[in-house]
Enquirer: 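Pasting a structure below so you can have a look.
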Amino acid sequence: MFDAARTPPFGKLVAIALLAGIGAALASPRLLPWPAMALLLAAATVGWWRLRRARALAAFAFGFAWASLHAAHALALQLPPDWERRDVAVSGRIVDLPTHETRRTQFRFRVDDDAAQPAPLRGRLLRLAWYDDDPRTRAALKAGQRWRLQARVRAPRGLRNPGGPDAEKYALAQRLGANGYLRDPAAQARVLAPPAGLDAWREAMCERIATAVTTPGSRFVRALALGDTRGLDDADWEVLRANGLTHLIAISGFHVGLVAGFFALCARGLWWLWPGLGRRVPAVAAAAVAAMLGGLLYAAAAGFALPTVRTWLMIAVVAGLRLARRGGHGVDALALAAIAVVLADPLAVLGAGFWLSFLGVAWLLWCLPTMGEGGWRERLGGFVSAQGVASLGLLPVCAALFGQASLAGPLANLVAVPWWSLLVVPLALLGTGLETLHAGAGEFAWRWAAACFEPGWPGFQALAGSRLALWWLPEPRWFALPLALLGAFWWLLPRGTPGKALAVLLWLPLLWPDRRLPAPGEAELVVIDVGQGLSVLVRTANHSLLFDAGPAVRDGFDAGERAVVPALHALGVRRLDAAVASHGDQDHAGGLAAVLRAFPAPLRFAPPDVEGAALRGLRLRTCEAGREWRWDGVRLRFLHPPAHFPYLRNESSCVLRIDTEHGSALLTGDIGEVVERDLVRRAALSPADSLRADVVLIAHHGSAESSDPAFVRATGARYALASSGHGNRFGHPRADVLERWRRAGAAVADTAADGALRIRLGAPAHGRESGAGPVLESRRQAHPRLWDAARRAPGLSYRPD
């Protein structure tokens, strides 16, 4: 039986309790005051060491306090609100490799920690962008250089959508102080010192690989040898994701272990050749030290990326046990490594790689303890079993973290793991090592690595395009992941365990979650957070319509790809039946091409004679006033533009009315006051064109030229929703416009402050009064996070009564 009095201070139970405490702290929407956390940390440290019977509880409290203090410090590093959008002059060093794109170059910049720098930015890490159509001027940026720059900065801020990346969480985990872009770089930016240090060496080595290997496999050699994924385009990443291979192509923990094992093997060989060395230093100790040194060198070559540091700590723990001549089960070593990682950085648990690394090893240690024993057939069978265990055991985590599952993953990994990791990677690393010793010595190894990689890539591309590719999953409830992990544990129990077929049922909440579809006669609206633009999903029981697709910048951010498509997947949209481009401006139609690639809607509407590069080549129907249709008991009708109305950009915007059995909504595009007054006039003449609506999308993002008082009164809206970007240069939505809607009795919400807005026009929920009307759910309010930037910045935010 389990004896709490014998709980070791760094054992499995303590590791689990420590991780649980860290997870609880980071899942909490708010932080306790730091003095309280400091006192809790001190008390928990004493309890961890002295209170054997309460050691796990003390480890939980320690993890909670430790993560809270780190999170508070990371948030304190971020730019204060009163410094938003200021122009600052800073000096510092470029860290990591600059990413050169067609119209911009992005790079990380560590500001000098001296009195000459602005106080809120001293010693802080910034993520900056240099915009210029001429890439030759931006090519002057090199890793390891020191620069003097003029930049406009803002605190880290991101979009908040179902299924979308959380930029604010990333900024917290990376300790980013601010984002920004260079102001007049041609005149204001100047180099203070040439490239130097580890990052400069990495960039120089990447350039040598690019010069030596001119075939398409060069970009993959750079990624595998030095963690330089800048050469991989979106199509490459799509193939890797569809095959479940992203963990292999970038620097991974397995590669660090491979290098560490090679160094350990070399040390063993030296001790075998010269047995006299063993009388001074035992061979086991020499191999352990060599493994730590090799892993550290490779982590440095990869720029100390988090996966490499995490794996090196694991190697160091195992090597330390060997040096101390302490044996132990692999699970004990894994627990000790997990404790070492989270003590060094508790915010590492915010990254998917942490969980994939440790859970993957844990599954293998538990299920395959004798994988390396026996002859070659047994070892081959063990390897195949390992792939099966890893694929099945990590499928719930991958589905919960990424909202997708690769059905081709097990097959692709079965080929890629031995091929890339045991052939391509060693050759790429051999070339890097030889090139470090002598210029030109590593070129042959790099070419061989590319030659070994390239023949298999077309096969992976074909597999990615098959039906075995990605399976997109709707966003599940919080309990889905624990149930699926329990199901995987149950399924992988030894043969003869009863009820294994029932384990499949535990996967259902994760793989087939409730999509919360409207009932017949109901509709749901989701205003997706796309920044300064617009995109609204309209769903009925069996149909979906997208009204606009957000902005897209040439060779830059595409909201259709980065925000709308992930949100549609997370919301469980399987197809789009119709897409509406309210007009041709980029902030409304720019992302439509990316959306239609993923969801090729058969019906596509736009104003007559619409202009705009985003809509060229599309077969469009006109959204002429009076055109209507019904889906699942819901009527959809265009109110504007009328027949023969000339295309006048904003004023020609499609205006769509949605009528359900329980309420109505009005989507207005970018119309202005003149059109709004005309809609009021037409509504007075025709009941079919009524403007009365429970939910109204505030026209033109809440500009001063929209929301005419007569129009506001005519709608009688309960909710007025605005779609805008935080800190946009237009000042949308205007405070006086929002106040006008409030005085008319509407509750106001804005995507800039609240994230995606979700509202259902349906029957009252159980427990609510009949006829209570729709209820608004904002992403930031429904999924609060302690790193939520909207709480720390001034601005309007919707809050329910």
Enquirer: So, taking the atom named CD1 in Ile94 and the one named NZ in Lys142, what distance separates them when rounded to the nearest 0.5 Å?
Expert: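 Interatomic distance, Ile94 CD1 to Lys142 NZ, rounded to 0.5 Å: 10.0 Å.
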Enquirer: So, do Phe599 and His569 have ring centers that fall under 6.0 Å from each other?
Expert: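 Ring centres of His569 and Phe599 closer than 6.0 Å.
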Enquirer: Is Arg219 salt-bridged to Asp233, going by a charged N under 4.0 Å from an acidic O?
Expert: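 So Arg219 does not pair with Asp233 through a salt bridge.
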Enquirer: Has Ser535 got a side-chain atom pairing as donor or acceptor with Asp548's backbone, closer than 3.5 angstrom?
Expert: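 Side chain of Ser535 to backbone of Asp548: a pair is present.
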Enquirer: Rounded at 0.5 Å granularity, tell me how far CG in Leu159 sits from CZ in Arg779.
Expert: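 These two atoms lie 12.5 Å from each other.
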Enquirer: Within the side chain of Arg138, is there an N or O that forms a donor-acceptor pair under 3.5 Å with the backbone of Arg104?
Expert: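 Looks like yes, one N/O pair under 3.5 Å.
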Enquirer: Within the 4.5 Å heavy-atom criterion, are Ile209 and Ser218 side-chain neighbours or not?
Expert: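 In short, these two side chains touch, coming nearer than 4.5 Å.
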Enquirer: Sub-3.5 Å donor-acceptor pair from the side chain of Asp587 to the main-chain atoms of Pro551, do we have one?
Expert: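 Not a single qualifying donor-acceptor pair exists.
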Enquirer: Measuring from atom CG of Leu603 to atom NE2 of His543, what distance do you get when rounded to the nearest 0.5 angstrom?
Expert: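 Leu603 CG to His543 NE2: 9.5 Å, rounded to 0.5 Å.
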Enquirer: Are the side chain of Asp558 and the backbone of Ala552 linked by a donor-acceptor contact shorter than 3.5 Å?
Expert: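 No, because the side chain of Asp558 does not come within donor-acceptor range (under 3.5 Å) of the backbone of Ala552.
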Enquirer: Measuring from atom SG of Cys398 to atom CD of Gln404, what distance do you get when rounded to the nearest 0.5 angstrom?
Expert: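 Those atoms lie 8.5 Å apart.
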Enquirer: Donor-acceptor check, side chain of Ser406 to backbone of Ala242, threshold 3.5 angstrom: yes or no?
Expert: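 Side chain of Ser406 to backbone of Ala242: a pair is present.
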Enquirer: Charged N to carboxylate O under 4.0 angstrom, Arg208 versus Glu203?
Expert: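 Between Glu203 and Arg208 there is no salt bridge, as every charged N stays at least 4.0 Å from the carboxylate O atoms.
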Enquirer: Would a distance-only check, ignoring hydrogens and angles, find a side-chain to backbone donor-acceptor pair under 3.5 Å from Arg160 to His783?
Expert: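 Flag set: sc Arg160 to bb His783 pair under 3.5 Å.
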Enquirer: So Arg516 and Asp514, salt bridge (charged side-chain N to carboxylate O under 4.0 Å, His left out) or not? Walk me through it.
Expert: CA-CA 5 Å; Arg516 298 171 59 186; Asp514 180 13; over 6 Å; no
Enquirer: Could you check whether any side-chain N or O of Arg604 sits under 3.5 Å from a backbone N or O of Leu620, counting only pairs where one atom can act as donor and the other as acceptor?
Expert: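 Checked: no pair found.
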Enquirer: Once you round to the nearest 0.5 Å, how far does CD of Glu238 lie from OG1 of Thr246?
Expert: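 So the CD of Glu238 and the OG1 of Thr246 are separated by 13.0 Å.
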Enquirer: Does CH2 in Trp201 sit with more than 12 non-hydrogen atoms of other residues, nucleotides or ligands closer than 6.0 Å?
Expert: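 It does: Trp201 CH2 has more than 12 such atoms within range.
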Enquirer: Between Trp457 and Trp419, is the ring centroid distance below 6.0 Å?
Expert: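 No - the distance between ring centres of Trp457 and Trp419 does not fall below the 6.0 Å cut-off.
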Enquirer: Under the criterion side chain to side chain contact (heavy atoms under 4.5 Å, CB included), I'd like the reasoning laid out for Leu592 against Leu618: C-alpha separation, chi angles, the key distance, then a yes or no.
Expert: CA-CA 10 Å; Leu592 188 60; Leu618 298 180; 3.9 Å; yes
Enquirer: Can you see whether Thr137 engages Asp132 through a side-chain donor-acceptor pair at a distance of less than 3.5 angstrom?
Expert: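 Yes, because at least one side-chain N or O of Thr137 sits under 3.5 Å from a partner of the opposite role on Asp132.
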Enquirer: Val213 versus Phe220: any side-chain heavy-atom pair under 4.5 Å?
Expert: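 They are not in contact (no side-chain heavy atoms under 4.5 Å apart), so the answer is no.
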Enquirer: For atom CZ of Arg477, decide whether the heavy atoms of other residues, nucleotides or ligands shown that lie under 6.0 angstrom number more than 12.
Expert: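 Incorrect, the count does not exceed 12.
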Enquirer: Between Gln106 (side chain) and Thr99 (backbone), is there a donor-acceptor pair under 3.5 Å?
Expert: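 Pair absent, no side-chain N/O of Gln106 close to backbone of Thr99.
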Enquirer: May I have the step-by-step check of salt bridge (charged side-chain N to carboxylate O under 4.0 Å, His left out) for Arg202 and Glu207, ending in yes or no?
Expert: CA-CA 9 Å; Arg202 289 182 65 219; Glu207 292 174 353; over 6 Å; no
Enquirer: Evaluate whether atom CZ of Phe262 has more than 12 neighbouring non-hydrogen atoms of other residues, nucleotides or ligands under 6.0 angstrom away.
Expert: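 Atom CZ in Phe262 is not crowded, with 12 or fewer foreign heavy atoms closer than 6.0 Å.
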Enquirer: Would you say Arg230's side chain and Pro98's backbone share a donor-acceptor pair under 3.5 angstrom?
Expert: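 It does hold such a pair.
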Enquirer: Can you confirm whether or not the ring centre of Phe453 sits under 6.0 Å from the ring centre of Trp448?
Expert: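 So the answer is no for these two rings.
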Enquirer: Can a donor-acceptor pair be found, under 3.5 Å and without considering hydrogens, that links the side chain of Asn161 to the backbone of Ala567?
Expert: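 Flag not set: sc Asn161 to bb Ala567 has no pair under 3.5 Å.
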Enquirer: Do NZ/NE/NH1/NH2 and the carboxylate oxygens of Arg103 and Asp133 come within less than 4.0 Å?
Expert: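 Salt bridge between Arg103 and Asp133, a charged N being under 4.0 Å from a carboxylate O: yes.
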